[in-house]
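Fair warning: this is a prediction, and the values are worked out from it, not measured in the lab. For ligands, and for the atoms within them, numbers begin at 1 and follow the listed sequence.
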Amino acid sequence: MGLVLGIESSCDETAAALVTSDRRILAQRIASQDDEHRPYGGVVPEIAARAHSERLTPLIAATLADAGLGLDAVDAIAATAGPGLIGGVMVGLVTAKALALAAHKPLIAINHLEGHALSPRLADPELQFPYLLLLVSGGHCQILMVEGVGRYRRLATTIDDALGEAFDKTAKILGLGYPGGPAVERLARAGNAKAVALPRPLLGTAEPHFSFAGLKSAVLRAKQTALHADADIAAAFQQAAIDCVIDRSRRALQSADMPTALVVAGGVAANQAMRRALEALAGEFGLPFVAPPLALCTDNAAMIAWAGIERLGQNDPLDCAARPRWPLDPDAAPARGAGVKA
Ligand code: AMP
Ligand code: MG
């Protein structure tokens, strides 16, 4: 049986976890930096990097203590090596390198997106390749065919904002605070989605790409007219976002070789209304719908440790680089109209 220590520090969560090859999470700790970033309404990279460097080492020690294990017990140390805010990634990766060197353990450098892409397999031993993955988080919005470990075909990406970013900006416009996604979802329950007309960017286009910048601007204009209740704007925004996600995912399912399942991952997968819509879409195609538990959807170290389990034996050198950008499918053609963020 394999045992991997996973380390995650690519955004505003400092996390460590111990995961076995038979899918047991022996211990995991996660320290959120929401309180540090809240005054700024978003993640401040420099503050994030400092917080990671203060917290990570004691957090790893506590995680090992929770499991009653020492570093000698692990088979490898897996750390997020990108993509993400580079200061935080460097803190996590350098910490992993130091531990690997001191304890004579192999280092496995993990692509954070691969952590998200494989996390459904940690939760569900039945899930087989290939599956269609909708990855929707604060920084990413992609549809991928997950064909195997290290084999990802990107079918779609966003040409501007990520979906989680659109939720966060909507929350900011409505004065709901940070992080915004859960607050928008809560307020939307009290609103009427039909009360405000909002656009559905790229709906119906042949390639299943996403765009949310125009929707965000429309939310701002709706708020500025002062004609609508905030709850109605939240409900209309959420419905427009869901309509886009469903249309784009349906397009991807129509164009792809049939996968074994429709899977959602990333922080926005916490949205219950979107989960229900995706489940219905999977049903249209006769596919199971797989959504990992919420704790595995948002940034966490168990998914990084699990990706390390999937990659056991594929060690990386101690001079491997931290990468601010690291596409899962380097061969994917850029989306037409995409800026540098794609
Ligand atoms: P991640 O980048 O994977 O850590 O996910 C964080 C992102 O998910 C943020 O942009 C949140 O606003 C978003 N998010 C979290 N919960 C929800 C929710 N219930 N509905 C919509 N977005 C959410
Ligand atoms: Mg993430």
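Of the listed residues (Gly267, Cys11, Ala166), the one carrying the non-hydrogen atom nearest atom 3 (O) of ligand 1 is Gly267.
When only interatomic distances are considered, the shortest N/O to N/O separation between Gly164 and ligand 1 falls below 3.5 Å. Checked by distance only, ligand 1 and Gly139 stay at 3.5 Å or farther apart across all their nitrogen or oxygen atoms. Among the atoms of Glu13, none of the N or O lies under 3.5 angstrom from an N or O of ligand 1.
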Pairs under 3.5 angstrom only: tabulate donor-acceptor contacts from the side chains of residues 185-194 to other protein residues two or more places apart or in another chain.
unit_1: Glu185; atom_1: OE2; unit_2: Gln272; atom_2: N; d: 2.7
unit_1: Asn192; atom_1: OD1; unit_2: Lys194; atom_2: N; d: 2.9

Please list every donor-acceptor pair under 3.5 Å in which a side-chain atom of residues 59-69 meets a protein atom from a residue at least two apart or in another chain.
unit_1: Thr63; atom_1: OG1; unit_2: Leu59; atom_2: O; d: 2.7
unit_1: Asp66; atom_1: OD1; unit_2: Arg29; atom_2: NH2; d: 3.0
unit_1: Asp66; atom_1: OD2; unit_2: Arg29; atom_2: NE; d: 2.8
unit_1: Asp66; atom_1: OD2; unit_2: Arg29; atom_2: NH2; d: 3.4

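Counting heavy atoms under 4.0 Å from ligand 1, residue Asp168 touches it through the side chain alone.
Electrostatic pairing of Arg23 and Glu126 does not count as a salt bridge here, judged by no charged N lying under 4.0 Å from a carboxylate O. Salt-bridge annotation for Glu114 and Arg311: present, with a side-chain N of the basic residue lying under 4.0 Å from a carboxylate O of the acidic one.
Ring geometry for Tyr131 against Phe129 counts as parallel: the plane angle stays under 30°, on a 0 to 90° scale with 60° as the upper cut.
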